[in-house]
Protein chains: 2
Amino acid sequence: MLKTKLEEFKEKIKSSGLKITPQRVAVYKEIAQSSDHPCAEELYERLKDKIEGISLTTVYRTLASLEKAGLVKRVPTLKDKIRYDAKVEPHSHFVCVNCGKIVDLDYVPPTPEEVKELGDSLTCTLMCYGICKECQVDE
Amino acid sequence: MLKTKLEEFKEKIKSSGLKITPQRVAVYKEIAQSSDHPCAEELYERLKDKIEGISLTTVYRTLASLEKAGLVKRVPTLKDKIRYDAKVEPHSHFVCVNCGKIVDLDYVPPTPEEVKELGDSLTCTLMCYGICKECQVDE
DNA sequence: CCTTAATATGAAAATAAATTGCAACTTATA
DNA sequence: TATAAGTTGCAATTTATTTTCATATTAAGG
């Protein structure tokens with residue numbers, strides 16, 4: 001039987017000893033539908049008009065909870081805001097060094113096993129830095 | 001004729017239209033000798049007793065200048081502080097998701113040419129996340 | 001070597017992101 | 001449905017980084 005993404009979400013939340021709240025569901029749904037690696041503030045902006053009971057603080061705390069539950073992952077950035085990704089499978093990222101935009105790449109980086117000699121690694125990501133199309137036009 | 005790293009540094013600084021100051025020399029020497037990807041504050045802590053005229057503000061500004069000159073590179077992090085690396089050649093990083101430590105890896109990631117279809121990329125880094133030896137002991 | 005214009009500096013204040021304390025409120029198990 | 005554990009929003013706080021501004025330093029030309 002095929003589980004929906006939301007059912008899987010609820011299961012993982014529960015098995016992490018967390019409770020299912022409207023705020024957590026909303027944050028997870030929003031991030032799972034996004035492909036632009038939003039940060040806490042962006043998620044809050046997108047949700048505050050749709051969801052009655054939501055605050056920026058809660059978005060921050062929700063992301064921390066989801067991260068612990070393995071439902072979202074931080075994406076390392078060059079700028080200062082922490083960005084999140086609901087795609088937790090191995091993949092790569094293209095980062096615009098001008099605007100900070102992070103785009104998913106299909107390139108599958110070496111597996112932890114392949115990079116074993118380095119230590120006990122959990123995940124590997126190939127980060128590519130460059131100037132995205134839009135930023136090239138601006139100059 | 002083989003240039004020393006410091007001579008090369010001075011040349012690059014000058015060709016970037018920047019001036020050679022004791023503070024810049026000190027920051028660059030310190031970061032070039034480090035292998036632990038220090039952040040601005042760590043560099044300041046290491047220098048403040050050795051160099052008379054140095055402030056945290058200047059370290060921040062110096063890193064920005066050196067980055068522009070191509071003498072140092074930011075390393076993307078999962079935590080919030082910006083870390084720097086004086087090793088600007090392509091290489092990879094192992095990141096401890098517990099303590100945030102970033103260790104250089106010899107693994108050479110795909111070149112920009114090999115990842116060309118993704119856009120105009122400048123550099124590629126393979127980021128491996130895991131738990132470093134020291135943090136494993138602690139648990 | 002002295003002048004000077006451009007640039008760099010330090011201290012303090014300002015910003016911005018993320019976190020925390022606390023009292024009130026939900027959730028989910030008994 | 002009671003209730004204990006966990007969650008929430010608000011406001012205040014912390015932490016990293018940047019900016020402002022007055023003073024000082026650098027390097028190129030005379």
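The chains referred to below are lettered A, B, ... by the order of the sequence lines, with proteins before strands, and numbering in each begins at 1.
Residue-to-nucleotide proximity on DNA chain D shows that, of B:Cys39 and B:Leu18, the 5′-proximal contact is made by B:Cys39.
Comparing C:dT29, C:dT27, D:dT8 against the side chain of A:Lys14 picks out C:dT29 as the nearest. Here the nucleotide nearest the side chain of B:Ser55, chosen from C:dA11, D:dT7, C:dA18, is C:dA11.
For A:Arg24 and C:dT26, the CZ to C1' distance is 11 Å, given to the nearest whole Å. In this structure, A:Lys81 atom NZ and D:dT17 atom C1' are separated by 14 Å, rounded to whole Å. In this structure, A:Lys68 atom NZ and D:dG6 atom P are separated by 11 Å, rounded to whole Å. Rounded to a whole Å, the CD atom of B:Gln23 is 14 Å from the C1' atom of D:dT23. One interatomic measurement links the two molecules: CD1 of A:Ile20 to C1' of C:dA28, which rounds to 10 Å at whole-angstrom precision. To the nearest angstrom, P of C:dA11 lies 11 Å from CD1 of B:Ile54. A straight line from NZ of A:Lys19 to C1' of C:dT27 spans 5 Å, rounded to a whole angstrom. Between the OH atom of A:Tyr44 and the C1' atom of D:dC10 there is a distance of 11 Å, given to the nearest Å.
With contacts defined as side-chain heavy-atom distances shorter than 4.5 Å, the pair A:His93/A:Val75 qualifies.
Between the side chain of A:Glu42 and the backbone N or O of A:Cys39 there is at least one donor-acceptor pair closer than 3.5 Å. Put simply, the side chain of A:Thr62 never gets that close to the backbone of A:Val27: no donor and acceptor are under 3.5 Å apart.
Phosphate proximity of D:dT7 to A:Ser65: absent, as no side-chain N or O sits under 4.0 Å from OP1 or OP2.
Taken to the nearest 0.5 Å, the OH atom of B:Tyr44 stands 7.0 Å off from the OG atom of B:Ser55.
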Determine, for nucleotides 19-24 of chain C in 5'-to-3' order, which nucleotides have protein heavy atoms under 4.0 Å from the base (write B), from only the sugar-phosphate (write S), or from neither (write -). BBB---
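With a 6.0 Å radius and a threshold of 12 heavy atoms from other residues, nucleotides or ligands, A:Lys87 has its NZ atom above the threshold.
A salt bridge links B:Arg74 with B:Glu67: the closest approach of a Lys/Arg side-chain nitrogen to an acidic carboxylate oxygen falls below 4.0 angstrom.
The two residues B:Leu63 and B:Ile31 make their nearest non-hydrogen contact at CD2-CD1, 4.2 Å.
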